[in-house]
Structure formats: structure tokens, C-alpha cells
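Data first, discussion second: the structure below is written as C-alpha cells.
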Amino acid sequence: MTTRRTFRSAGLVAVAAAAALSLAACQSGGKSAASGPERQAAAASGTTGGGSTPVGSSTIAADKAADKTATGVRTGADAAHRGGTPATTAKTASQARTQTLPDGSTAEIRRLGDQHYLARIVHGGSVLATLETNGADAGLDANDMFIVLTLGGQLHAWMGGGHQGPGTFELAGGWKAKVTKTGELRYRAQILGNDGAVDATLQTNQHDVGLDANGVYIVLSAGGVISAHE
């Protein structure tokens, strides 16, 4: 729209200048000059007598160019407002696969990119929860059903086995977890190996987290519940 207004303003200035020149010619030439060959030439170029404003071909071309620019260019912001999907997303997103979960709900898993997966937990046609990996595994405590979505797009789910932190707990696969509370809906779980060393750390920040620990899947909820399964 800005381009169109600029072209029209330039066209109006050109029209006003041409009108002023036409008026000066009429005043200097007199009535007899206006009725001579000059008048016929003016009529042929689109100018009429009586002080009418000439409409030149350059003004029409500018207006047409402005119209074409205003209607033919679509910016990224326009596409976003229209809800369009970026071409890169359309190319990288894969078709969803489904997996039945222990509670009877379904996980719809879709690949968005390299180590980037999205899982929607669906029951009765409604989406109950969403997990997304983007540089890290994702986890969820869904009413005592625990889910881990890995960076490779694998989804693992199991029921029960949760321990309420703070505390130190024995986990599946020989792991131990030392769970501490760090704030409101904020817990930290240090995953300890057989030698007592900290091999991994899970940290909640008002949302659940998950981890694939060499084939043992661990979820730490925002409420401090930890569960593992292999």
C-alpha cells in the first residue's frame, strides 16, 4: 500500500506541473493561438481546452505499476496473518504414526526435523497432552502413566512405580535418584550410577521432564514424583 501512494503522489505532481505549463501557454499565445495547430496537437495528446488537467501516458503507466505492486507482492507478515505454513515446515514434517498407550489412549508421533519430534496424547478425539523433543528427551506424568519421548522419536510409556520426592530412591536398571526441591514446582533429580557418581541430572521448571538413560526411561514430574522403567 505504501508503494501505491508514492506512485500516485508523483503522478499528481506531474499532472499539476503539466497543467501549469498548459495554462502559461494559453495565456502567452492568446485565443487565436489556442485555436491553431497547437490546440490540435494538445487534443491529440489528451489535453483539452478550458483549463482541463492533461492525463499523460506516463501517469497511467505509474498508476498501473503501483496497482500491480500493491496486489502482486505478499510479504511474510501477510502470509503469517493468513495462517500459511512455511515451506520449510511442510518439507521437514513427516506423516504421523500412532501408538497405543497403557491407559488406552493414543500417541500421535510426528517428526519435525533432526532430533525434533512431537507427540500428541489423544483420547476420545481430544488432545490431552503434548510432548516435544528439541535438543533433549521429553517426559510426562499423565495421572500415574509415565511417558518418555526420545530424541530418536521413540515413545515409551508405563503405569505406576512413582516415588514422591524429596528423597533418594532405587530406580529400574540399577540407577539411584536423589531428588531435591528447589522451588515451587521445581525439582532436581541427580541420577547416580553404581559408584555413586552423578551420571545425569533432571531439572523441572514448572513442567515434567524425561530421560533415556541407556535404555532405562526416567520421568521427573513438576510435583517431584520420579519413576523409571526399562
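The first residue in the sequence is number 1, and the count goes up from there.
- Two residues are said to be in side-chain contact when any heavy atoms from C-beta on lie closer than 4.5 Å; Thr130 and Leu118 meet this criterion.
- For His123, the NE2 atom counts as loosely surrounded, since its 6.0 Å shell holds 12 or fewer non-hydrogen atoms of other residues, nucleotides or ligands.
- Contact annotation: the side chain of Ile218 approaches that of Ile191 to within less than 4.5 Å [non-hydrogen atoms, C-beta and beyond].
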Verdict with supporting geometry, Trp175 and Leu192, side-chain contact (heavy atoms from CB on, under 4.5 Å):
CA-CA 6 Å; Trp175 296 104; Leu192 311 176; over 6 Å; no
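- Between Gly162 and Val225, the shortest heavy-atom distance links the atoms CA-CG1, 3.9 Å.
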Run the side-chain contact (heavy atoms from CB on, under 4.5 Å) check on Thr98 and Thr100 step by step: do they pass?
CA-CA 7 Å; Thr98 59; Thr100 302; over 6 Å; no
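- Paired with Val122 under the rule side-chain contact (heavy atoms from CB on, under 4.5 Å), one option of Leu101, Leu128, Val127 passes, and it is Val127.
- Not a single donor-acceptor pair under 3.5 Å links the side chain of Ser221 to the backbone N or O of Asp141.
- The stretch residues 166-178 participates, sequence neighbours left out, in these salt bridge (charged side-chain N to carboxylate O under 4.0 Å, His left out) pairs: Glu170-Lys176.
- A donor-acceptor pair under 3.5 Å is absent between the side-chain atoms of Asp137 and the main chain of Gly210, judged by distance alone.
- Qualifying side-chain contact (heavy atoms from CB on, under 4.5 Å) partners for His163, counting only residues two or more places apart in sequence or in other chains: Phe169, Leu171, Ile226.
- Between Gln206 and Arg186, the closest side-chain pair of non-hydrogen atoms falls below 4.5 Å.
- At distances below 3.5 Å, at least one donor-acceptor pair connects side-chain atoms of Ser227 with backbone N or O atoms of Gly160.
- Residues Val209 and Leu211 form no side-chain contact, since every pair of their non-hydrogen atoms from C-beta on lies 4.5 Å or further apart.
- The salt bridge (charged side-chain N to carboxylate O under 4.0 Å, His left out) contacts involving residues 94-104 comprise nothing, where partners must be two or more places apart or lie in separate chains.
- Residues Gln115 and Thr133 have side chains not in contact (no heavy-atom distance under 4.5 Å, counting atoms from C-beta outward).
- Val148 and Leu202 are members of different hydrophobic clusters when ILVMFWY side chains are connected at heavy-atom separations under 4.5 Å.
- Ile147 and Trp158 fall into different hydrophobic clusters, where Ile, Leu, Val, Met, Phe, Trp and Tyr residues are linked whenever their side-chain heavy atoms come under 4.5 Å apart, directly or through other members.
- Between Ile121 and Ala107, the closest heavy-atom pair is CD1-CB, 4.0 Å.
- Residues Gln203 and Thr182 are in side-chain contact: their nearest non-hydrogen atoms beyond the backbone lie under 4.5 Å apart.
- Remark: side-chain polar atoms of Thr204 are paired, donor with acceptor, to backbone N or O of Tyr187 under 3.5 angstrom.
- Listed by first and then second residue, the salt bridge (charged side-chain N to carboxylate O under 4.0 Å, His left out) pairs involving residues 115-134 are Glu108-Arg120 (not counting sequence neighbours).
- By the ring-ring contact (aromatic ring centres under 6.0 Å, His included) test, Tyr217 pairs with His156, sequence neighbours left out.
- Within the structure, no pair that satisfies the salt bridge (charged side-chain N to carboxylate O under 4.0 Å, His left out) test touches residues 190-210, not counting sequence neighbours.
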